[in-house]
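For reference, the structure discussed in these notes is given below.
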Amino acid sequence: MKTDTSAVDIDRNKGDFFYPEAHVRDAGVGLSEQTVHYIADVKEDPDWVREYRLRGLKTFLEKPLPTHWASKDLEAIDFGKIRYYLSPGTEPKRSWEEVPDDIKRTFERLGIPEQERKFLAGVEAQFDSEAVYSNIKKAVGEQGVIFVGSREGLKNYPEIFRKWFGKVIPIADNKFSALNSAVFSGGSFIYVPPGVKVKHPLQAYFRINAENFGQFERTLIIADEGSEVTYMEGCTAPKFNTPTLHSAVVELVALKGAKIQYITVQNWASNVFNLVTKRGLAQENAEVKWIDCNIGSRLTMKYPSVIMKGRKARGEVLSIALANDGQHQDTGAKMIHAADETTSNIISKSISIGKGRATYRGLVHVPKHLKHCKNNTECDALLINSTSRTDTYPAITVRGTGNAVQHEASVSQVSAEQIFYMQQRGLSEAQAMSLSVNGFVNDLVRQFPMEYSVELKRLIELEMEGSVG
Amino acid sequence: MNELNIENLHIAVGGQEIVRGLTLRVPRGEVHALMRPNGSGKSTLAKVLAGHPDYQVIAGKVLMDGENLLELEPDERARRGLFMAFQYPSEIPGVTIANFLRAALQSRVPEGEELEATDYYAKLYEKMELLGMDRSFTSRAVNEGFSGGEKKRAEILQLAMLEPKYAVLDETDSGLDIDALKTVAHGVNSLRGPDLGILLITHYQRLLNYIVPDHVHVMVGGRIVRSGRKELALELEERGYDWAREGAVEPVYTR
């Protein structure tokens with residue numbers, strides 16, 4: 001066990017390092033119209049985007065913090081002390097050799113170029129506010145697939161970009177979508193042409209290096225008719241003493257018969273407020289599937305959603321949350337049925353360790369005039385210690401006849417007898433805990449792509465190692 | 001000394017003394033049956049040997065091949081060669097028998113070494129064949145939704161795979177119909193040999209028709225009142241525990 005622990009220490013802190021800042025573009029501290037103009041100037045935004053940003057700022061300032069239903073911990077964010085834009089002021093590179101040394105070393109330490117060689121169809125690497133590297137395998141690019149940063153998407157593909165940008169998640173959806181709309185930078189723009197099935201995943205990696213910083217990436221993925229794409233995102237940040245803010249907006253559009261699978265393994269440092277809005281639109285016979293794993297951060301509020309707008313559209317959210325000491329994972333899913341014969345599935349599993357808190361919030365909406373819609377919701381919580389906490393807030397409104405809804409929820413605990421039984425077979429207490437937890441999430445993890453299920457199991461083991469003793 | 005040596009053991013549960021001066025030696029290669037009336041002491045002895053934290057050892061020693069067992073953590077005892085077949089084994093939802101056993105064996109290989117997967121599965125299937133088990137059994141989650149018989153067979157499979165030096169079988173016959181009992185007994189018998197010492201804890205003579213012990217001990221009131229060869233079990237069956245208590249060399253306590 002001794003060597004295990006030391007190996008663990010290295011891994012646990014895998015993302016906990018930073019290099020001196022070398023930013024050329026810096027919007028300074030705090031948020032005002034000047035900040036927004038600075039960002040729009042640096043990015044050479046067209047006028048409609050600048051106006052969009054200003055509307056975002058106005059809405060952000062008008063909307064109160066949602067503390068009437070969400071955690072009061074949100075009040076710990078001082079929006080006046082955050083830095084909203086930092087970048088080296090260069091275009092994203094197409095080869096790792098051209099990426100500045102410190103940044104390149106950062107991503108090498110995180111294993112990104114290696115993963116790219118092994119199993120990815122394309123990679124985008126964002127460092128603070130901007131993508132520093134973005135590349136797609138030649139064969140995939142030749143099929144007409146576009147995979148670039150949001151700025152490049154806006155600049156080079158304005159027709160597709162403008163048609164869908166902000167259409168799935170309006171500025172005023174919530175306070176943090178408004179904030180993102182004001183200061184967004186980075187994130188991915190993906191377009192998959194009709195009938196193209198991208199075999200390997202496209203991946204984005206979001207890295208925060210700077211202190212007192214906010215990262216506001218904006219991702220837009222459009223899968224044209226009959227196409228298929230899988231997108232994966234990962235993230236890390238060093239652990240600073242002051243809060244870091246991450247507030248992304250992700251919009252997915254699956255046109256007729258298209259399939260989008262979006263996978264997140266969120267492993268932010270424990271000082272990060274992770275307040276993210278994610279929503280997909282599924283047209284006729286299309287499918288949007290969110291696989292959402294939240295392991296890190298101080299407070300995460302994230303409820304991936306699917307609007308099933310066309311007949312026979314499908315929506316799915318598979319979600320795993322792990323809340324350790326000092327963490328609150330406030331996660332869930334929203335399924336909006338807006339056409340006949342649409343089906344949705346939510347499976348949520350949370351694990352609370354120590355004083356960690358996991359909250360599930362679910363919304364399922366089926367209006368009266370629809371026929372033959374189905375929803376299945378399962379949410380299971382596992383409590384490791386007596387101090388661990390879980391809450392469930394399901395809101396299901398299913399009206400009309402001929403619609404079916406099924407909801408199951410459970411709370412279980414790892415019992416002392418169970419641990420003793422496993423110890424009697426030779427497993428240490430921590431190994432026993434981690435095996436129980438892996439067993440609890442196993443049926444969900446099996447549905448993940450292999451590379452990610454291995455990574456996730458490893459992360460769970462690391463968390464469990466630290467929780468016993 | 002290659003034996004499991006229990007010396008003058010006193011055990012309390014919730015402030016009550018349940019085992020009071022138990023002395024017993026199980027050499028490797030022998031099968032010892034410990035018989036006791038129904039409801040006396042429950043699984044106390046087995047759990048203390050395995051290191052359950054709820055039981056308090058007041059006095060006495062337990063040595064495994066000369067090593068003080070009571071100082072070791074439960075998992076350390078297991079890795080050094082002590083196995084306990086539970087009367088009520090826990091469920092581990094979502095963890096298959098194959099994965100569980102693999103993790104258990106992995107905990108026994110030196111640090112930094114990885115258990116060879118092909119060797120592991122070869123061994124697993126060999127043992128299952130020996131025990132007359134279907135291969136699909138190992139892809140089920142440990143004890144989840146198992147019948148009483150399946151749970152006991154899973155325990156015996158674990159015993160076969162982990163190859164301990166000493167095995168304590170705690171009421172392994174309870175809740176089994178005669179066919180399941182025969183299967184389990186067949187499994188235990190096929191594992192008997194010079195490298196394994198077995199302590200069978202039971203209150204039924206029935207099991208001993210199928211697993212014939214080398215020695216039989218009768219425990220009443222928290223200590224051993226009679227020891228003998230396998231015939232003692234039959235005599236006990238015939239004459240009852242009161243007879244056993246009356247014949248005790250020292251006075252015994254009853255509650």
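It should be emphasised that the depicted structure is a prediction, and the values quoted were computed from it without experimental measurement. Below, chains carry the letters A, B, ... as their sequence lines are ordered, and counting in each starts from 1.
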Using non-hydrogen atoms only, which part of [X] is less than 4.5 Å away from chain A: side chain, backbone, both, or neither?
X       : value
B/Glu76 : neither
B/Ile92 : both
B/Arg77 : neither

Original post:
Highest number of heavy-atom pairs under 4.5 Å with chain B: which of A/Ser415, A/Gly426, A/Ala416, A/Ser412?
Top reply: A/Gly426
Original post:
What option among A/Leu435, A/Asp443, A/Val414 has the most heavy-atom pairs under 4.5 Å with chain B?
Top reply: A/Leu435
Original post:
Looking at the rings of B/Phe137 and B/Phe146, which for Trp means the six-membered one, are their centres under 6.0 Å apart?
Top reply: yes
**OP:** Measure the acute angle between the ring planes of A/Tyr262 and A/Trp290, then classify it against the limits of 30° and 60° as parallel, tilted or perpendicular.
**Re:** tilted
Subject >> chain A contacts, top residue of B/Gly94, B/Ala141, B/Gly51 (heavy-atom pairs, under 4.5 Å) >> reply: B/Gly94
**OP:** Give the C-alpha distance, both sets of side-chain angles, the deciding distance and a yes or no for side-chain hydrogen bond (donor to acceptor under 3.5 Å, both in side chains) between A/Lys278 and A/Thr264.
**Re:** CA-CA 11 Å; A/Lys278 289 183 165 166; A/Thr264 304; 3.0 Å; yes
**OP:** State plainly whether the residues A/Asp391 and A/Arg357 are in salt-bridge range, i.e. N to O under 4.0 Å.
**Re:** yes
Original post:
Ion pair present between B/Lys47 and B/Asp170, side-chain N to carboxylate O less than 4.0 angstrom?
Top reply: no
